Amino acid sequence: MSTSADTPMLEIDGLEAWYGEAKILFGLSLAVAPGEAVALVGRNGAGKSTTMKAVMGLVRRRARRLALHGKDMAGLPTYAVARLGIGYVPEDRRIFTDLTVGENLDLGSRAVRPGDGGLIGPDWPREALFALFPNLAALQDRLGGQMSGGEQQMLAVARALVGRPALLLLDEPSEGVAPIIVEQMIGALAALKASGLSLLISEQNTALCSAVCDRAYVIEQGEVRWQGSMDALDSAVEPTRIFG
């Protein structure tokens with residue numbers, strides 16, 4: 001994947017979003033550089049998930065600027081946003097519960113469309129995915145609905161990766177996941193960042209963010225209230241002020 005370091009992988013300026021008539025985001029702005037991991041943190045209802053959905057075109061939105069590595073996507077439908085090179089792992093995972101692990105991964109691989117003109121991220125063949133998520137290697141024939149929450153989360157991330165995105169959006173990857181799986185997820189996300197993949201992670205687990213992310217944006221009531229390095233957030237902001 002070849003990208004210019006001077007052009008943000010994701011650029012959001014003045015993003016507004018609605019559910020029906022209810023406005024949720026109020027001029028939110030943020031950026032993710034190529035190869036950077038950025039945390040979007042805040043309490044429940046702050047607008048983190050809505051930000052992810054707005055980027056993907058899953059809710060009504062408008063923005064002064066919404067671009068993937070310089071390519072405008074403000075008016076694009078969800079499928080076109082994905083084809084530009086964005087992978088999305090929603091909070092509820094959305095795996096196919098009546099398909100096996102292998103079948104879920106096969107479906108994800110069909111997202112690769114080099115002719116669409118989008119960015120193509122790192123390649124993740126099956127063996128590389130199983131090295132990243134060893135639990136999945138022994139579960140290739142298991143139905144998604146018969147897996148634990150942590151296993152489903154691993155599958156959701158793996159399924160997004162086989163589409164070779166240049167930017168991966170992860171919404172609450174530690175939600176409802178056992179601590180031991182969270183530790184494995186931290187290692188996997190660090191490996192994804194090392195591969196050159198750009199990450200935007202919506203999270204309340206500050207330990208995960210601190211272990212993986214370079215910078216953070218604190219969001220409250222649909223607006224960014226603070227931004228800076230992850231180290232600065234860890235030292236300067238009391239967790240109760242964000243999540244209390």
Side-chain angles (χ1 to χ4, degrees), residues 1-3 7-12 30-41 48-58 66-69 71 73 76 78-95 104-105 107-113 116 118-126 128-129 131-133 136 152-175 177 181-182 184-203 205 208-209 211-217 230:
M1 179 175 60
S2 177
T3 58
T7 303
M9 180 58 70
L10 177 65
E11 183 181 4
I12 301 173
L30 62 82
V32 180
E36 185 182 34
V38 172
L40 184 63
V41 297
K48 304 188 304 298
S49 294
T50 304
T51 300
M52 301 279 189
K53 292 176 181 177
V55 170
M56 295 304 301
L58 292 167
L66 181 59
L68 179 71
H69 205 247
K71 293 186 177 182
M73 55 182 182
L76 296 181
T78 300
Y79 74 87
V81 171
R83 288 181 182 180
L84 281 180
I86 299 183
Y88 172 51
V89 181
E91 184 178 5
D92 55 2
R93 299 159 191 150
R94 294 295 180 96
I95 64 166
N104 269 274
L105 295 177
L107 287 176
S109 67
R110 298 177 187 178
V112 179
R113 295 179 174 87
D116 289 330
L119 294 176
I120 302 296
D123 189 16
W124 292 97
R126 194 67 57 92
L129 290 174
L132 195 65
F133 299 113
L136 296 182
Q152 289 184 352
Q153 184 66 63
M154 292 178 181
L155 177 57
V157 175
R159 185 183 59 184
L161 290 175
V162 294
R164 300 188 63 184
L167 169 69
L168 185 61
L169 310 181
L170 297 113
D171 193 1
E172 302 281 2
S174 71
E175 179 71 21
V177 174
I181 302 297
V182 173
Q184 294 177 30
M185 188 64 67
I186 287 173
L189 295 180
L192 296 182
K193 180 185 172 188
S195 76
L197 189 65
S198 301
L199 303 170
L200 179 61
I201 304 172
S202 164
E203 256 299 345
N205 186 328
L208 184 149
C209 295
V212 176
C213 296
D214 303 293
R215 295 187 300 113
Y217 292 84
M230 201 65 227

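What you see is a predicted model, and the numbers here were worked out from it, not measured in a lab. Numbering starts at 1 and runs along the sequence shown.
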Closest heavy-atom pair, I95 versus R159, reported as atoms and distance to 0.1 Å, is CA-NH1, 3.2 Å
Heavy-atom nearest pair, S195 first then W124, reads OG-CZ2, 3.7 Å
Criterion side-chain contact (heavy atoms from CB on, under 4.5 Å) on V157 and M154, from CA distance to verdict: CA-CA 5 Å; V157 175; M154 292 178 181; over 6 Å; no
Would R215 and M230 count as a side-chain contact (heavy atoms from CB on, under 4.5 Å) here? Give the steps. CA-CA 5 Å; R215 295 187 300 113; M230 201 65 227; over 6 Å; no
Are L192 and L132 packed together at the side-chain level, in the sense that at least one heavy-atom pair is separated by less than 4.5 angstrom? yes
How far does CG of L208 sit from CD of E203, to the nearest 0.5 angstrom? 5.0 Å
Within the structure provided, determine whether V55 and Y88 are in side-chain contact (heavy-atom separation under 4.5 Å). no
What are the two closest heavy atoms between L169 and M52, and how far apart are they? CB-SD, 3.5 Å
Rounding to 0.5 Å, atoms CG (L76) and NZ (K71) come to a distance of 10.5 Å
Hey, what do you get for CG (L66) to CG (L10), rounding to the nearest 0.5 Å? 7.0 Å
Got a donor-acceptor contact below 3.5 angstrom from the S198 side chain to the G35 backbone? yes
Is the backbone of A156 close enough, under 3.5 Å, to the side chain of R93 for a donor and an acceptor to pair up by distance? no
Considering all heavy atoms, the nearest I186-V212 contact: O-CG2, 3.9 Å
Any side-chain heavy-atom pair from L119 and I86 closer than 4.5 angstrom? no
S174 (side chain) donor-acceptor with V182 (main chain) under 3.5 angstrom: no
Is the shortest side-chain heavy-atom distance between V41 and Y217 below 4.5 Å? no
Distance check, rounded to the nearest 0.5 Å: M185 atom CE versus Q153 atom CD? 4.5 Å
Could you tell me whether the side chain of K193 reaches within less than 4.5 Å of the side chain of L199, counting heavy atoms only? yes
Might you work through the side chain to side chain donor-acceptor pair (under 3.5 Å) test for S49 and E172, ending with a clear yes or no? CA-CA 8 Å; S49 294; E172 302 281 2; 5.6 Å; no
Heavy-atom donor-acceptor pair, D171 side chain to S202 backbone, under 3.5 Å: no
Which value, rounded to the nearest 0.5 Å, describes the distance between L129 atom CG and L136 atom CG? 8.0 Å
Note, M73 side chain near L84 side chain (heavy atom, < 4.5 Å): yes
So, does E36 use its side chain to make a donor-acceptor pair with the main chain of A33 at under 3.5 Å? yes
Look up atom CG in L168 and atom CD1 in I201, then write down how far apart they are to the nearest 0.5 Å. 8.0 Å
Give the minimum heavy-atom separation between A31 and V38, together with the two atoms involved. O-CG2, 4.0 Å
Looking only at heavy atoms, what is the nearest atom pair of T7 and H69, with distance? O-CD2, 3.4 Å
